[in-house]
Amino acid sequence: MKSKFDRRRVAQTVLWLRLSQMVINEAYKSGMFKVPIHLAFGHEAMAAALAYALRPEDKVLLTHRNIAYNLARAYRPRYVSAILRSFLHEYMLRPTGLARGRCGSMNLTHPSVGIMYTSSILGNQFSVACGVALGKQVRGEKGVVVVMGGDGSIEEGAFYESLLFAKSVKLPILFLIENNEWSMHTHITERRTPIALGPLCASLAIPFVSLAGNNVFLYCEKLVAMRKKVQQLGMPLCVEVAVKTLGDWYDYKNPQHPKGKWVKYHVGASPSVSLSAWPLLQQHADDPVFVLSKLLPLSTIQKEAAALFNRLQRVTP
Amino acid sequence: MTLLSFLNQVIRRETTKKKVIVFGQNVAAGSYLGGLTSDLRVGSGGRIINTINAENTLVGVGFGAALTGAHAIFFMRQIDFLLLTTDHLVNTYQSIRGKSERMTGSFTIVSTVIDHGYEGPQSSLNNLADFCSLAHVPGFSITNKVDTESIIPRYLTLPGFRIVVASTRMLRGNLIEPARVSYVNSDGTLFQYDDGKDVTVVCFNFSLPQGMTLCDILRRRNVAPSLFNVNAMTPIAWKRILASVRRTKKLVVLDDSKSENRSCFSLLAEVEAHASLDKRIVVTRRLGREWLTPNPDQFEVPYQKVAHELLGA
């Protein structure tokens, strides 16, 4: 376990995720990208906490909405401008991009910081994570594997199969499920019966943890403890975190809803998010930056955010 | 000796050499997949895992293990189960192979085509090439002693991904030991077993036994055949076969696949474009009314008719 809880570094990571996404969103609005990008405003707390909790030997597998985790794992305070530029270039498919312009957004990997694989196919990543954990085990490598998915991906049979395989073969995997309640344009209540992950995991004798509230410091403590448990037991563990994807609600018209239906942001530039409004998006606990402002002195956050903002807003592709 | 015993022997020799992960349902239990995985051993630190019944996940596991640099071999009872895994065969494979970093690990699926008959409609799929064409997946058929000795040692743990398949009909039969090998391409995926000047016979999928029988009949009639077996499932360089066809001017293609998208079509298109023929005979499966009910599942070649047509040309 890390000896000192670096609250400032964790807070900086949250702000980095928020502000860098805001810059990317502005570039997106200007029509700079051809690849679809699933922004993750509102996902910053868990992404920052995971980056804090993981060790260099750990491996991470992500989904199409990977931007927060990728930015968090790439974060180096001294090089924020260069890092942001590498993401912009990747989304522009330039050879100077993070993955030499070969991945774009939905399949963006960053092997040097442990991000081995990302999948735009729901549930696909869970079994690949099992293989990564098995491969590491056979090769005698240390570390755990973290695989992220959303509430939509746990509807796939691959999720159950992978939990079963991981438990049966005794693989140190942390299944991290972000529940934002939406799968594209349908809310959970519109598409399925509730899934009680706790009892599901219990049926396989897999420990389960539920998190909510966007308290990044609490998430850090919990994830460090979970990582330790996964490694010590050599067994999988599942954590579900409640998250609200911020950015936009918009009126979606289709034959079923000719007068329109309010749906959550899913993909693309968010027109309602403006760089000038930094760093808060909501005065509500759904916004991790708002929660951060209750955990640290507001002046500290404003100072950190201003310094970062000054550097990032000058970044041009 | 059967092909099954020989294939098991060669695989066993290879898995012992390296720290591999051998996995699949019943790989180390019961009948050992009909004997295919009997008595397998792995190099120090490797693992043999009797897995759960979850083909889709197991293929994802293989890709994940290969990503770490490990060598994974998944033994799957029959290729019909591969249908459950097409997401990984296409999307995961495409995602991994598109990376600029070279893949150091390997993942090989070893499976069988169930073609010994009377299995019923859900085990009627016999064309590995259909899976391979989805994402340009390297795929190899195993049919005899020579190609087993060439393909298994070379590809079983070679970095990258591939599918290797044998047919149950041939696995249960006596091991075919070709008397001559005139040519093997650099990939070990095209084999020439005879280099006659009169007619070119090319076998696809699992039709080599029929091709050998036809060649025997032709030789008895003083016709010298060139016999090829195409063990690759995705298009390969046809140069050697084209050279033979230009010389013989007579081509017989045998393909026992039930697919509408047969590998032999690629060769036929090349021949059409680059060679002029006096005779072209293509023998493929005729799927009658019994196709989707339990049936003998035989690929019947009208040998005498083919020979007669060739001699009359």
Side-chain angles (χ1 to χ4, degrees), chain A residues 57 59 61-62 64 95 97-104 106-112 114-141 143 145 147 156-171 173 204, chain B residues 15 18-25 42-74 84-107 109 135 157 161:
Chain A
E57 63 269 28
K59 304 298 181 191
L61 292 89
L62 301 172
H64 56 288
L98 185 71
R100 303 181 197 174
R102 296 177 67 91
C103 290
M106 289 199 289
N107 295 105
L108 182 57
T109 56
H110 192 179
S112 65
I115 299 177
M116 304 269 297
Y117 180 79
T118 60
S119 175
S120 55
I121 310 296
L122 282 194
N124 165 293
Q125 72 279 12
F126 294 124
S127 56
V128 180
C130 290
V132 170
L134 179 60
K136 278 169 66 66
Q137 206 172 59
V138 167
R139 287 167 59 82
E141 294 174 3
V145 172
V147 59
E156 301 283 355
F159 176 63
Y160 175 78
E161 288 185 5
S162 298
L163 284 176
L164 182 61
F165 184 86
K167 178 67 180 179
S168 303
V169 183
K170 301 180 178 62
L171 298 174
I173 303 176
L204 301 171
Chain B
T15 57
K18 278 188 178 175
K19 186 163 68 174
V20 297
I21 305 167
V22 167
F23 64 104
Q25 298 139 26
V42 293
S44 177
R47 286 186 72 177
I48 299 177
I49 305 170
N50 282 322
T51 64
I52 58 172
N53 299 296
E55 288 80 4
N56 178 48
T57 283
L58 296 176
V59 172
V61 164
F63 279 116
L67 269 177
T68 67
H71 299 288
I73 308 169
F74 174 24
L84 299 166
T85 76
T86 46
D87 166 42
H88 286 300
L89 294 184
V90 180
N91 294 309
T92 306
Y93 181 45
Q94 299 284 42
S95 180
I96 290 172
R97 76 202 297 202
K99 299 283 186 297
S100 52
E101 305 86 19
R102 188 173 166 271
M103 191 170 167
T104 56
S106 68
F107 177 36
I109 298 173
T157 57
F161 169 59

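By convention in this document, chain letters (A, B, ...) are assigned in the order of the sequence lines, proteins followed by strands, and residues within each chain are numbered from 1.
- Within the 4.5 angstrom heavy-atom criterion, only side-chain atoms of A:Tyr117, from C-beta onward, approach chain B.
- Of all heavy-atom pairs spanning A:Leu134 and B:Arg47, the tightest one is CD1-NH1, 3.6 Å.
- Residue A:Val145 does not touch chain B at all, counting heavy-atom pairs closer than 4.5 Å.
- For chain B, no part of A:Ser120 is nearby; none of its heavy atoms comes within less than 4.5 Å.
- Nearest heavy atom pair, residue A:Ser168 against residue B:Ile52, reads OG-CG2, 4.0 Å.
- Nearest approach of B:Ser95 to A:Asn107, heavy atoms of both residues: OG-ND2, 4.1 Å.
- Across all non-hydrogen atoms, the minimal contact from B:Asn56 to A:Ala158 is ND2-CB, 3.9 Å.
- Here B:Asn53 contributes atom CG and A:Glu161 contributes atom CD; the two are 9.5 Å apart, rounded to the nearest 0.5 Å.
- Side chain to side chain, B:Asn91 and A:Ser119 fail the donor-acceptor criterion of an N or O pair below 3.5 Å.
- In this structure, the portion of B:Ile49 lying under 4.5 Å from any heavy atom of chain A is its side chain and not its backbone.
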Is there a side chain to side chain contact (heavy atoms under 4.5 Å, CB included) between B:Thr57 and A:Phe126 once you walk through the steps? CA-CA 8 Å; B:Thr57 283; A:Phe126 294 124; over 6 Å; no

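- Nearest heavy atoms, B:Thr68 versus A:Gly135: OG1-CA, 3.3 Å.
- To the nearest 0.5 Å, atom OG1 of residue A:Thr109 and atom CG of residue B:Leu67 are 9.0 Å apart.
- Neither the backbone nor the side chain of A:Gln125 comes within less than 4.5 Å of any heavy atom in chain B.
- Here B:Gly69 is the residue among B:Gly45, B:Gly69, B:Ala72 with the most heavy-atom pairs under 4.5 Å with chain A.
- Nearest heavy atom pair, residue B:Ala70 against residue A:Arg139, reads N-CD, 3.8 Å.
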